[in-house]
Number of protein chains: 2
Amino acid sequence: MQNDLETAATFVQRWSEAAAGGNTARCTVRNILDKIGDKWSMLLVMTLATGAKRFNELHRQVPDISQKMLTQTLRDLQRDGLVARQVFDTQPPAVEYRLTGLGQSLIVPLGFLINWADEHFSRIDAARIAYDTRD
Amino acid sequence: MQNDLETAATFVQRWSEAAAGGNTARCTVRNILDKIGDKWSMLLVMTLATGAKRFNELHRQVPDISQKMLTQTLRDLQRDGLVARQVFDTQPPAVEYRLTGLGQSLIVPLGFLINWADEHFSRIDAARIAYDTRD
DNA sequence: GCATGCACTTACCTTGAGGTAATCTTCACC
DNA sequence: GGTGAAGATTACCTCAAGGTAAGTGCATGC
C-alpha cells in the first residue's frame with residue numbers, strides 16, 4: 001500500500017516533468033496506451049495468461065471477436081514481442097499462441113488495473129447515473 | 001514483487017473463470033478499458049494528478065488536444081466521477097478541474113502500467129524492428 | 001475601439017478501426 | 001465424393017472518434 005503510493009508518486013513526478021516541457025505527445029506511454037486501448041489486445045493477453053492456446057480455442061473463449069480481428073490482433077501482439085506463434089508440423093498443422101516473457105510481465109500491472117476496475121466499477125456506475133439524472 | 005505476482009495470479013484465476021463461461025464480453029473490465037483506451041482520458045487524469053488545473057492550463061500542458069476533445073473528455077471524466085469541476089464566481093468566471101478521490105485512486109494502478117511501459121518500451125521497439133526486418 | 005484571454009459550443013468533415021461475408025487449402029471422417 | 005474443422009486472407013462497408021474552423025460572451029489591457 002505504502003509502496004504503491006510511492007510508486008505512483010514517482011510516476012506523477014516524472015510525468016509532470018514531461019508535461020512541463022509540453023512533450024506529453026509521442027512518448028512511449030502514448031504508444032503503449034494505444035495498444036492497451038484497442039478493443040482486443042488486452043483481452044487476448046489476459047486470455048493467454050492461463051496458458052498457450054490454439055486459434056479456434058481463443059475464438060471460443062472470446063466469442064465476439066471476428067476472425068479477422070483475431071488474426072490481426074495476434075499479429076500485432078506478435079510484432080510487439082508479447083505473443084509467440086508456434087506452428088507444429090503435424091497434419092493438419094496446429095498453431096499455438098503463447099505469451100512471451102515480455103507478455104507475461106504485462107500481466108502484473110494489467111492485473112492491478114483490472115482489479116481497480118472491478119473494485120470501483122459500482123462507484124463509477126453510480127456517478128454516471130447521478131450525472132445523467134441531475135436536474 | 002512476490003505480492004505483485006500474487007495479485008496477478010488472483011486476477012488470472014478470476015478472469016479464467018469468466019472466460020470459461022465465455023462471458024468476457026460486457027464485463028466491467030471492458031467498460032473501463034474502453035475509457036482508458038480513448039485517446040485523451042488517461043492523459044488528462046495523469047496531468048491532473050499533480051493538482052487542480054484550469055481549462056487553458058490543461059490545454060497548455062497537453063497542447064495537441066483540440067478544444068472540442070478537451071471539453072468532451074473532461075465532461076466524460078466528470079460523468080464517471082473521476083474529475084470534479086468547480087466554477088468560481090469571479091469575473092470572468094474561473095473553472096477548475098481536480099481529481100476526485102475515485103480519480104486519485106486510479107493513479108496507483110495506472111502508474112504501475114505506465115512504469116511498465118517505460119521500462120519495457122525498448123524491448124517492444126526492438127521486437128517490432130526484428131519483426132519488420134525478418135526475411 | 002481593437003486585440004487578447006478565458007471557457008466553451010456548434011457545424012462540418014475525414015480517417016481508420018472494426019464488422020461482415022466470402023473464399024482458400026489441407027486433412028479427417030463417413 | 002461430400003461435409004466439416006482448422007487457420008487463415010481478402011474485399012467491401014459502416015460508423016463513430018476525433019480534427020478543423022468558426023463563433024460566442026465577457027473582461028482586461030494597450
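Below, read A as the first sequence line, B as the second, and so on, with proteins coming before strands; counting in each chain starts at 1.
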Novice: Between D38(A) and Q67(A), which residue's closest nucleotide on DNA chain C lies nearer the 5′ terminus?
Specialist: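 By nearest-heavy-atom nucleotide position, the 5'-most residue is D38(A).
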
Novice: Output the single nucleotide from dG19(D), dG7(D), dG19(C) whose closest atom is nearest the side chain of W40(A).
Specialist: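 The listed nucleotide nearest to W40(A)'s side chain is dG19(C).
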
Novice: For V95(B) and for S66(A), locate the closest nucleotide of DNA chain C by heavy-atom distance; then report the residue assigned to the nucleotide nearer the 5' terminus.
Specialist: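 The 5'-side residue here is V95(B).
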
Novice: Quick one: sort the F55(B) and Y97(B) rings into parallel, tilted or perpendicular, breaks at 30° and 60°.
Specialist: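 It falls in the tilted class, 30° to 60°.
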
Novice: Rounding to a whole Å, what distance do you find between L70(B):CG and dG18(D):P?
Specialist: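 Atom-to-atom, L70(B) to dG18(D), this comes out as 13 Å.
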
Novice: Once hydrogens and angles are ignored, does a donor-acceptor distance under 3.5 Å link the base of dG19(D) to the side chain of K68(B)?
Specialist: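 Indeed, a donor on one side and an acceptor on the other fall under 3.5 Å apart.
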
Novice: Among dG7(D), dA7(C), dG19(C), which nucleotide has an atom closest to any side-chain atom of N56(A)?
Specialist: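 Minimum distance to the N56(A) side chain belongs to dG7(D).
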
Novice: Please report the distance, rounded to the nearest Å, between CZ in F55(A) and P in dA6(D).
Specialist: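 Interatomic distance, CZ of F55(A) to P of dA6(D): 11 Å.
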
Novice: To the nearest Å, give me how far apart CD (E96(B)) and C1' (dA7(C)) are.
Specialist: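 In whole Å, dA7(C) C1' lies 14 Å from E96(B) CD.
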
Novice: How long is the line joining CD of Q72(A) and P of dG19(C), in whole Å?
Specialist: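 Going from Q72(A) (CD) to dG19(C) (P), I get 10 Å.
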
Novice: Considering only dT9(C), dG18(C), dC6(C), which nucleotide approaches the side chain of M69(A) most closely?
Specialist: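 Of all the options, the side chain of M69(A) is nearest to dG18(C).
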
Novice: Could you tell me whether the side chain of T100(B) and the main chain of L82(B) form a donor-acceptor pair under 3.5 Å?
Specialist: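 Side chain of T100(B) to backbone of L82(B), a donor-acceptor pair under 3.5 Å: yes, one is there.
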
